[in-house]
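Presented below is the structure to which this report refers.
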Amino acid sequence: MGKPRVFVARVIPEEGLALIRETCDADIWPAELPPARQELLSRVRGVEGILSLLTDAIDAEVMDAAGPQLRVISNLAVGVDNIDLDEATRRKIPVGHTPGVLTETTADLAFALMLAAARRIVEGARYVQAGRWKTWGPMLLLGQDVAGAALGIIGFGRIGKAVARRARGFDMRILYYDPYCREDPAAQELGAQCVDLETLLRESDFITIHVPLTPQTRHMIDDRAFSLMKPTAVLVNTARGPIVDPEALYRALKDHRIFAAALDVTEPEPLPADSPLLTLDNLIVVPHIGSASVATRGKMARMAAENLLAGLRGERLPYCANPQVYEAGMPSA
Ligand code: NAD
């Protein structure tokens, strides 16, 4: 029997790629940009496995284009909002993802963005680069204190808790909103208080988002949410762009209804160079680098490869985003 054919949607770190090359007939998309839709549809034809990235929309059309022999989709991300999970589940195709290994790296970035926005670090660096630094100024680039401030965490899962651990070192008062873990024992350990979303928005000096993108969380931060925030509030989003309504964000920052924001993720993504958001001094945008450390990307690649290979062997994926596929027995091998 020949090696199983798979499509790998981008060059990923060698930790994962080497494993895939050993056992598969792998078609690896070589370009920096993701495959265009038509290219994706044609490349997946006849494959047994797809290793996708969050930039690839994997829906019924892609699964149809692949054909009925498709038996695993492995996403190089913890979030799986780019995949039609219900459709994959209906077809009994397990979907792999990479939880855990990127938690600390993403929490580091969320905290870095929080500090950078609060203390106007990017603005300050631009000011110096532009040759505008003439003297120590008593009113120059005044920001907000992080130490001792109130931090509101929306989504108290792995990354939300990792941010809370960092916040303890800054003596922050920690509030969280997460309807799915009201009684979380970790909250007590971290001194975090469970509140409703409105209380979190009203009382927090810093708000950081760590929920998955779902129909419930899409545009969760809208005009109304901004109207509840303090004028000194700083918003950080390292989860998924569409959780924040970009037009409402623009209005809130432009009118100084909040102090600042920092985004690792945007809607749309990437943000077009002529986006009005990029004209604002009180917004920092970085290009979706939450998990982008050498070590973490290596671990993610390995994990995604292991999910892919397990699926090809007809074994249970080590990290499966739709474990329901196993409920009525294993998917047909
Ligand atoms: P997780 O599943 O451990 O945590 C998500 C938490 O959100 C859970 O506790 C869940 O109960 C909660 N939640 C779900 N729906 C909610 C809602 N409507 N309101 C409030 N809380 C809700 O996931 P995680 O590993 O912490 O990752 C969180 C998200 O971060 C991922 O889904 C992904 O989209 C994003 N992420 C981004 C990057 C990046 O590169 N920027 C990296 C990793 C993860």
Side-chain angles (χ1 to χ4, degrees), residues 106-154 162-176 190-193 195 198-210 221 223-238 244-266 271 273-287 289-290:
T106 308
D108 281 351
L109 186 81
F111 221 86
L113 288 177
M114 202 163 99
L115 289 165
R119 297 303 304 276
R120 304 172 67 175
I121 289 173
V122 174
E123 228 183 313
R126 280 201 204 111
Y127 182 88
V128 174
Q129 274 166 353
R132 295 172 60 201
W133 187 19
K134 305 285 186 244
T135 182
W136 182 92
M139 305 299 279
L140 180 63
L141 288 167
L142 305 188
Q144 305 293 335
D145 281 319
V146 175
L151 172 65
I153 301 175
I154 303 181
V163 172
R165 287 197 294 277
R166 285 156 180 73
R168 288 196 75 185
F170 281 71
D171 287 329
M172 298 182 91
R173 175 181 170 223
I174 304 169
L175 307 175
Y176 74 92
L190 290 164
Q193 184 191 349
V195 293
E198 189 162 329
T199 305
L200 182 144
L201 296 171
R202 280 186 198 287
E203 295 190 9
S204 300
D205 300 303
F206 294 87
I207 296 166
T208 183
I209 304 174
H210 302 289
I221 303 300
D223 281 310
R224 182 172 180 275
F226 284 115
S227 75
L228 297 171
M229 292 180 197
K230 296 182 182 184
T232 50
V234 173
L235 175 73
V236 174
N237 186 10
T238 58
V244 176
D245 175 347
E247 289 175 13
L249 175 68
Y250 178 78
R251 287 187 283 273
L253 290 170
K254 177 95 183 141
D255 302 344
H256 297 280
R257 275 187 269 135
I258 65 169
F259 183 76
L263 310 176
D264 182 41
V265 289
T266 60
L271 210 53
D274 62 355
S275 165
L277 285 170
L278 297 178
T279 63
L280 299 167
D281 282 337
N282 53 353
L283 175 68
I284 298 172
V285 183
V286 293
I289 53 171

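When a residue number appears, it is its place in the shown sequence, counting from 1.
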**Study point:** Inter- and intrachain pairs under ring pair (Phe, Tyr, Trp, His ring centres under 6.0 Å), touching residues 118-150, at least two apart
**Key:** none
Review point. Hey, are the side chains of Leu235 and Leu249 touching, using non-hydrogen atoms and a 4.5 Å cut-off?
Key: yes
Between [X] and [Y], what is the shortest heavy-atom contact and its length?
{"X": "Ala273", "Y": "Leu278", "result": "O-CD1, 3.8 Å"}
{"X": "Asn282", "Y": "Leu253", "result": "ND2-O, 3.0 Å"}
{"X": "Leu141", "Y": "Gly124", "result": "CD1-CA, 3.5 Å"}
{"X": "Leu151", "Y": "Ser204", "result": "C-OG, 4.0 Å"}
{"X": "Ile174", "Y": "Leu190", "result": "CD1-O, 3.8 Å"}

Point to revise | Polar side-chain atom of Asp205 near backbone of Ala150 as donor-acceptor pair, under 3.5 Å | key: yes
Review point. So, does Asp145 use its side chain to make a donor-acceptor pair with the main chain of Ala147 at under 3.5 Å?
Key: no
Check your understanding: Listed by chain and number, what are the salt bridge (charged side-chain N to carboxylate O under 4.0 Å, His left out) partners of Arg165, not counting sequence neighbours?
Key -> Glu104
Review point. If you count the non-hydrogen atoms of other residues, nucleotides and ligands that lie under 6.0 Å from CZ in Arg251, is the total more than 12?
Key: yes
**Study point:** Test: Asp108 and Arg166 ion pair at under 4.0 Å
**Key:** yes
